[in-house]
Amino acid sequence: MEKISKGIKYLVLSIAAFVSIFPFIWMILGMTNQTIDITAGKIMIGDQLMINFQNLFTSDLNFGRALINSAVIAVITTIFALFLSSMAGYGFEIFRSKRNDRIFSILLLSMMVPFSAMMIPLYTMFSKLSNTPFGINSLFSVIIPSVSTAFLIFLFKQNIKAFPRSLVEAARIDGLGELAIFFKIYMPTAKNIYAAAAIITFMNSWNNYLWPLVALQSPDKRTVPLILSAMGASYTPDYGMIMTGIVIATLPIALIFFILQKQFVQGMLGSVK
(Lines give C-alpha, C1' and ligand atoms only; values in the text may rest on other atoms or scores of the structure.)
Protein backbone atom coordinates (compact mmCIF):
# COMPACT_ATOMS: atom_id res chain seq x y z
CA MET A 1 0.00 0.00 0.00
CA GLU A 2 2.83 2.38 0.80
CA LYS A 3 4.39 1.86 -2.64
CA ILE A 4 1.00 2.43 -4.31
CA SER A 5 0.46 5.68 -2.37
CA LYS A 6 3.93 6.90 -3.34
CA GLY A 7 3.24 5.98 -6.95
CA ILE A 8 0.00 7.96 -6.90
CA LYS A 9 1.80 10.96 -5.37
CA TYR A 10 4.52 10.88 -8.04
CA LEU A 11 1.88 10.51 -10.75
CA VAL A 12 -0.09 13.51 -9.47
CA LEU A 13 3.10 15.58 -9.11
CA SER A 14 4.24 14.60 -12.62
CA ILE A 15 0.89 15.63 -14.10
CA ALA A 16 0.96 18.93 -12.18
CA ALA A 17 4.54 19.60 -13.32
CA PHE A 18 3.65 18.88 -16.94
CA VAL A 19 0.58 21.13 -16.82
CA SER A 20 2.70 23.90 -15.29
CA ILE A 21 5.55 23.70 -17.80
CA PHE A 22 3.49 22.94 -20.93
CA PRO A 23 2.69 26.60 -21.78
CA PHE A 24 6.40 27.41 -21.84
CA ILE A 25 7.15 24.34 -23.96
CA TRP A 26 4.37 25.39 -26.34
CA MET A 27 5.87 28.88 -26.56
CA ILE A 28 9.29 27.45 -27.43
CA LEU A 29 7.78 25.25 -30.12
CA GLY A 30 5.63 28.15 -31.34
CA MET A 31 8.65 30.39 -31.89
CA THR A 32 9.87 27.89 -34.51
CA ASN A 33 6.60 27.92 -36.48
CA GLN A 34 4.60 30.42 -38.49
CA THR A 35 1.19 31.83 -37.60
CA ILE A 36 -0.86 29.37 -39.63
CA ASP A 37 0.80 26.40 -37.90
CA ILE A 38 0.36 27.87 -34.43
CA THR A 39 -3.33 28.62 -34.96
CA ALA A 40 -3.78 25.10 -36.31
CA GLY A 41 -2.42 23.73 -33.01
CA LYS A 42 0.82 22.30 -34.35
CA ILE A 43 3.01 21.06 -31.48
CA MET A 44 6.19 20.22 -33.34
CA ILE A 45 9.48 21.96 -34.04
CA GLY A 46 9.30 24.05 -37.20
CA ASP A 47 11.83 25.80 -39.44
CA GLN A 48 10.79 29.43 -38.92
CA LEU A 49 12.98 30.28 -35.92
CA MET A 50 15.47 32.54 -37.67
CA ILE A 51 12.72 34.22 -39.69
CA ASN A 52 10.77 34.98 -36.51
CA PHE A 53 13.93 36.37 -34.88
CA GLN A 54 14.60 38.56 -37.90
CA ASN A 55 11.01 39.80 -38.02
CA LEU A 56 11.06 40.57 -34.30
CA PHE A 57 14.23 42.67 -34.29
CA THR A 58 13.64 44.39 -37.65
CA SER A 59 10.02 45.39 -37.06
CA ASP A 60 8.94 48.97 -36.47
CA LEU A 61 8.17 48.12 -32.83
CA ASN A 62 11.90 48.31 -31.96
CA PHE A 63 12.00 45.27 -29.68
CA GLY A 64 15.75 45.62 -29.07
CA ARG A 65 15.30 49.10 -27.64
CA ALA A 66 12.46 47.84 -25.46
CA LEU A 67 14.75 45.15 -24.02
CA ILE A 68 17.31 47.81 -23.08
CA ASN A 69 14.63 50.00 -21.48
CA SER A 70 13.22 47.10 -19.46
CA ALA A 71 16.70 46.02 -18.34
CA VAL A 72 17.65 49.55 -17.23
CA ILE A 73 14.39 50.00 -15.32
CA ALA A 74 14.51 46.56 -13.69
CA VAL A 75 18.17 46.71 -12.65
CA ILE A 76 18.05 50.25 -11.23
CA THR A 77 14.74 49.58 -9.47
CA THR A 78 16.08 46.37 -7.92
CA ILE A 79 19.29 47.98 -6.65
CA PHE A 80 17.55 50.96 -5.05
CA ALA A 81 14.64 48.88 -3.72
CA LEU A 82 16.98 46.44 -1.95
CA PHE A 83 18.99 49.27 -0.43
CA LEU A 84 16.10 51.49 0.72
CA SER A 85 13.71 48.73 1.80
CA SER A 86 16.34 46.86 3.80
CA MET A 87 17.38 50.04 5.59
CA ALA A 88 13.74 50.85 6.36
CA GLY A 89 13.03 47.33 7.61
CA TYR A 90 16.20 47.42 9.72
CA GLY A 91 15.23 50.75 11.22
CA PHE A 92 11.65 49.73 12.02
CA GLU A 93 12.79 46.57 13.82
CA ILE A 94 16.00 47.71 15.54
CA PHE A 95 14.69 51.11 16.69
CA ARG A 96 11.23 50.01 17.78
CA SER A 97 8.94 52.50 19.48
CA LYS A 98 5.22 53.19 19.64
CA ARG A 99 5.56 55.94 17.05
CA ASN A 100 7.52 53.71 14.66
CA ASP A 101 5.00 50.88 15.11
CA ARG A 102 2.16 53.24 14.21
CA ILE A 103 4.00 54.41 11.11
CA PHE A 104 4.67 50.81 10.12
CA SER A 105 1.00 49.94 10.60
CA ILE A 106 0.02 52.80 8.28
CA LEU A 107 2.62 51.52 5.81
CA LEU A 108 1.03 48.07 5.87
CA LEU A 109 -2.40 49.60 5.30
CA SER A 110 -1.08 51.13 2.08
CA MET A 111 -0.76 47.59 0.70
CA MET A 112 -4.56 47.43 0.61
CA VAL A 113 -4.80 50.36 -1.81
CA PRO A 114 -4.88 49.12 -5.43
CA PHE A 115 -2.28 50.66 -7.69
CA SER A 116 -4.96 51.77 -10.14
CA ALA A 117 -6.27 54.13 -7.45
CA MET A 118 -2.85 55.79 -7.19
CA MET A 119 -2.21 56.29 -10.90
CA ILE A 120 -3.93 59.67 -11.21
CA PRO A 121 -2.06 61.21 -8.22
CA LEU A 122 1.19 59.74 -9.53
CA TYR A 123 0.56 61.07 -13.03
CA THR A 124 -0.27 64.51 -11.65
CA MET A 125 2.86 64.54 -9.50
CA PHE A 126 5.22 63.48 -12.29
CA SER A 127 3.54 65.84 -14.78
CA LYS A 128 4.65 68.73 -12.58
CA LEU A 129 8.23 67.49 -13.03
CA SER A 130 7.98 67.53 -16.83
CA ASN A 131 10.93 69.94 -17.14
CA THR A 132 13.20 67.63 -15.17
CA PRO A 133 14.71 64.18 -15.89
CA PHE A 134 12.08 62.70 -13.54
CA GLY A 135 8.97 63.83 -15.41
CA ILE A 136 6.40 61.85 -17.36
CA ASN A 137 7.83 59.96 -20.35
CA SER A 138 11.14 59.34 -18.63
CA LEU A 139 12.43 56.02 -17.35
CA PHE A 140 12.79 57.55 -13.88
CA SER A 141 9.02 58.10 -13.74
CA VAL A 142 8.66 54.31 -13.83
CA ILE A 143 11.58 53.59 -11.50
CA ILE A 144 10.82 55.98 -8.63
CA PRO A 145 7.36 54.61 -7.60
CA SER A 146 8.86 51.12 -7.28
CA VAL A 147 12.13 51.79 -5.44
CA SER A 148 10.52 51.09 -2.08
CA THR A 149 7.40 49.05 -1.39
CA ALA A 150 5.56 48.18 1.80
CA PHE A 151 5.88 44.47 1.02
CA LEU A 152 9.68 44.57 0.76
CA ILE A 153 9.98 46.61 3.95
CA PHE A 154 7.75 44.09 5.71
CA LEU A 155 9.83 41.22 4.28
CA PHE A 156 13.09 42.68 5.58
CA LYS A 157 11.56 43.62 8.93
CA GLN A 158 10.38 40.04 9.48
CA ASN A 159 13.81 38.72 8.54
CA ILE A 160 15.59 41.10 10.91
CA LYS A 161 13.54 39.69 13.82
CA ALA A 162 15.78 36.62 13.64
CA PHE A 163 18.94 38.76 13.57
CA PRO A 164 20.81 38.44 16.91
CA ARG A 165 20.50 41.67 18.86
CA SER A 166 23.65 40.72 20.76
CA LEU A 167 25.69 41.40 17.61
CA VAL A 168 24.24 44.90 17.38
CA GLU A 169 24.95 45.60 21.05
CA ALA A 170 28.49 44.23 20.78
CA ALA A 171 29.17 46.36 17.70
CA ARG A 172 27.88 49.46 19.48
CA ILE A 173 30.16 48.74 22.45
CA ASP A 174 33.10 48.44 20.03
CA GLY A 175 32.30 51.90 18.73
CA LEU A 176 30.64 51.11 15.39
CA GLY A 177 28.01 53.55 14.17
CA GLU A 178 24.55 52.41 13.08
CA LEU A 179 25.37 52.65 9.37
CA ALA A 180 28.55 50.64 9.87
CA ILE A 181 26.58 47.99 11.76
CA PHE A 182 24.08 47.80 8.93
CA PHE A 183 26.64 47.56 6.13
CA LYS A 184 29.36 45.50 7.83
CA ILE A 185 27.37 43.17 10.05
CA TYR A 186 23.76 42.86 8.91
CA MET A 187 24.11 42.90 5.13
CA PRO A 188 26.75 40.13 4.88
CA THR A 189 24.56 37.85 7.00
CA ALA A 190 21.35 38.54 5.03
CA LYS A 191 22.35 37.33 1.56
CA ASN A 192 19.42 34.94 1.33
CA ILE A 193 16.73 37.52 2.00
CA TYR A 194 18.44 39.95 -0.38
CA ALA A 195 18.37 37.25 -3.08
CA ALA A 196 14.67 36.59 -2.47
CA ALA A 197 13.85 40.30 -2.54
CA ALA A 198 15.94 40.78 -5.69
CA ILE A 199 14.01 38.09 -7.56
CA ILE A 200 10.63 39.50 -6.48
CA THR A 201 11.58 43.09 -7.31
CA PHE A 202 13.21 42.29 -10.65
CA MET A 203 10.28 40.14 -11.74
CA ASN A 204 7.68 42.77 -10.77
CA SER A 205 9.64 45.55 -12.48
CA TRP A 206 10.33 43.52 -15.63
CA ASN A 207 6.66 42.51 -15.97
CA ASN A 208 5.22 45.90 -15.00
CA TYR A 209 2.64 46.93 -17.57
CA LEU A 210 0.00 49.33 -16.25
CA TRP A 211 2.13 52.24 -15.00
CA PRO A 212 4.62 52.20 -17.93
CA LEU A 213 1.61 52.22 -20.28
CA VAL A 214 0.52 55.51 -18.69
CA ALA A 215 3.91 57.09 -17.98
CA LEU A 216 5.90 56.20 -21.11
CA GLN A 217 4.41 57.92 -24.14
CA SER A 218 7.27 57.92 -26.68
CA PRO A 219 7.79 54.80 -28.83
CA ASP A 220 11.51 54.74 -27.98
CA LYS A 221 10.75 54.59 -24.23
CA ARG A 222 8.42 51.59 -24.32
CA THR A 223 9.23 48.42 -22.38
CA VAL A 224 8.94 44.76 -23.35
CA PRO A 225 5.39 44.18 -21.93
CA LEU A 226 4.14 47.19 -23.91
CA ILE A 227 5.73 45.91 -27.12
CA LEU A 228 4.29 42.41 -26.63
CA SER A 229 0.86 43.90 -25.98
CA ALA A 230 1.13 45.98 -29.16
CA MET A 231 2.06 42.85 -31.15
CA GLY A 232 -1.02 40.99 -29.95
CA ALA A 233 -3.32 43.96 -30.59
CA SER A 234 -2.45 44.29 -34.28
CA TYR A 235 -5.06 43.48 -36.93
CA THR A 236 -3.14 40.44 -38.20
CA PRO A 237 -0.86 39.33 -35.35
CA ASP A 238 2.24 37.33 -36.22
CA TYR A 239 2.04 34.64 -33.55
CA GLY A 240 5.44 33.21 -34.40
CA MET A 241 7.04 36.59 -33.75
CA ILE A 242 4.94 37.06 -30.61
CA MET A 243 6.02 33.66 -29.25
CA THR A 244 9.65 34.56 -29.95
CA GLY A 245 9.28 37.83 -28.08
CA ILE A 246 7.59 36.14 -25.11
CA VAL A 247 10.33 33.53 -24.81
CA ILE A 248 13.07 36.18 -24.97
CA ALA A 249 11.20 38.27 -22.38
CA THR A 250 10.92 35.25 -20.07
CA LEU A 251 14.60 34.26 -20.20
CA PRO A 252 16.05 37.02 -17.90
CA ILE A 253 13.58 36.22 -15.10
CA ALA A 254 14.10 32.47 -15.48
CA LEU A 255 17.89 32.89 -15.50
CA ILE A 256 17.93 35.01 -12.34
CA PHE A 257 15.58 32.62 -10.57
CA PHE A 258 17.64 29.52 -11.44
CA ILE A 259 20.83 31.24 -10.27
CA LEU A 260 19.32 32.40 -6.97
CA GLN A 261 16.67 29.74 -6.37
CA LYS A 262 18.45 28.18 -3.36
CA GLN A 263 18.92 31.56 -1.68
CA PHE A 264 15.33 32.49 -2.61
CA VAL A 265 13.86 29.48 -0.78
CA GLN A 266 16.13 29.97 2.25
CA GLY A 267 15.38 33.68 2.35
CA MET A 268 11.61 33.19 2.23
CA LEU A 269 11.74 30.48 4.90
CA GLY A 270 13.93 32.72 7.04
CA SER A 271 11.43 35.57 6.75
CA VAL A 272 8.60 33.25 7.79
CA LYS A 273 10.52 32.14 10.87
Side-chain angles (χ1 to χ4, degrees), residues 71-113 122 125 129 132-134 138-206 208 252-253 255-273:
V72 170
I73 291 173
V75 170
I76 294 178
T77 299
T78 301
I79 292 173
F80 277 93
L82 294 183
F83 177 71
L84 295 176
S85 298
S86 61
M87 288 196 73
Y90 180 87
F92 276 121
E93 184 60 30
I94 297 298
F95 305 103
R96 294 198 64 176
S97 65
K98 290 184 178 180
R99 183 184 63 180
N100 286 349
D101 289 343
R102 292 194 195 100
I103 295 174
F104 185 71
S105 299
I106 296 172
L107 188 66
L108 291 181
L109 287 175
S110 68
M111 296 174 63
M112 302 180 186
V113 181
L122 278 175
M125 181 177 67
L129 301 173
T132 70
F134 306 100
S138 69
L139 298 185
F140 285 107
S141 65
V142 178
I143 294 171
I144 292 175
S146 304
V147 294
S148 183
T149 63
F151 173 75
L152 282 184
I153 295 173
F154 172 77
L155 189 67
F156 279 104
K157 185 177 184 296
Q158 292 301 109
N159 176 263
I160 292 167
K161 284 184 177 181
F163 184 68
R165 295 296 183 89
S166 58
L167 291 179
V168 177
E169 297 299 332
R172 288 172 178 169
I173 293 173
D174 288 341
L176 281 180
E178 297 300 332
L179 285 177
I181 295 173
F182 176 79
F183 286 111
K184 294 182 179 181
I185 297 179
Y186 171 70
M187 287 186 69
T189 63
K191 294 179 181 178
N192 292 333
I193 192 63
Y194 274 99
I199 292 175
I200 295 171
T201 307
F202 187 91
M203 181 180 65
N204 290 339
S205 180
W206 184 270
N208 193 8
I253 299 175
L255 181 63
I256 290 176
F257 180 79
F258 283 124
I259 292 174
L260 300 176
Q261 61 177 329
K262 182 178 179 181
Q263 291 82 358
F264 175 78
V265 174
Q266 292 176 350
M268 295 303 294
L269 290 177
S271 65
V272 171
K273 291 177 183 179

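If you read the sequence from its start, that first residue is 1, and numbering goes on from there.
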Does atom CZ of Phe95 have more than 12 heavy-atom neighbours, drawn from other residues, nucleotides or ligands, at distances under 6.0 Å? yes

With side chain to side chain contact (heavy atoms under 4.5 Å, CB included) as the criterion, how do Glu93 and Gln158 come out once you've worked through the C-alpha distance, each side chain's angles and the decisive distance to 0.1 Å? CA-CA 8 Å; Glu93 184 60 30; Gln158 292 301 109; 5.9 Å; no

Checking Ser138 side chain against Pro133 main chain: does a donor-acceptor pair fall under 3.5 Å? yes

Is there side-chain contact between Ser205 and Asn208, with at least one heavy-atom pair below 4.5 Å? no

Is there a side-chain contact between Ile160 and Phe92, using heavy atoms and a 4.5 Å cut-off? no

Using 0.5 Å steps for rounding, measure from the CD atom of Glu178 to the CD1 atom of Ile94. 8.5 Å

Check whether Ser85 reaches the backbone of Leu82 with its side chain - one donor and one acceptor, N or O, closer than 3.5 Å. no

Separation of Glu169 CD from Ile173 CD1 (nearest 0.5 Å): 6.5 Å

With rounding to the nearest 0.5 Å, note down the distance linking CG in Leu260 to CG in Asn192. 10.0 Å

Taking the six-membered ring of Tyr90, is the NZ or CZ of Lys157 close enough (under 6.0 Å from the centre) and on axis enough (within 45°)? no

Take Leu109 and Phe104 through the side chain to side chain contact (heavy atoms under 4.5 Å, CB included) test and state the conclusion after the steps. CA-CA 9 Å; Leu109 287 175; Phe104 185 71; over 6 Å; no

Between Leu129 and Phe140, is the side chain to side chain contact (heavy atoms under 4.5 Å, CB included) condition met? List the steps. CA-CA 11 Å; Leu129 301 173; Phe140 285 107; over 6 Å; no

Please report the interatomic distance CZ(Phe134) to CG(Leu139), rounded to the nearest 0.5 Å. 12.0 Å

Step by step, would you call Phe163 with Thr189 a side chain to side chain contact (heavy atoms under 4.5 Å, CB included)? CA-CA 9 Å; Phe163 184 68; Thr189 63; 3.4 Å; yes

Give the table of side-chain donor-acceptor pairs shorter than 3.5 Å for residues 145-156, with sequence neighbours excluded, one pair per line with atom names and distance.
unit_1 : atom_1 : unit_2 : atom_2 : d
Thr149 : OG1    : Leu152 : N      : 3.3

Only pairs under 3.5 Å count here: list side-chain donor-acceptor contacts from residues 194-204, not counting sequence neighbours, and write none if there are none.
unit_1 : atom_1 : unit_2 : atom_2 : d
Tyr194 : OH     : Ser86  : OG     : 2.9
Thr201 : OG1    : Ala197 : O      : 2.7
Asn204 : ND2    : Ile200 : O      : 3.2

Residue pair Ile181 / Val168: nearest heavy atoms and the distance that separates them: CD1-O, 4.0 Å

Mind listing the side-chain donor-acceptor pairs of residues 73-80 below 3.5 Å, one per line with the distance, residues two or more places apart or on another chain?
unit_1 : atom_1 : unit_2 : atom_2 : d
Thr77  : OG1    : Ile73  : O      : 2.6
Thr78  : OG1    : Ala74  : O      : 2.6

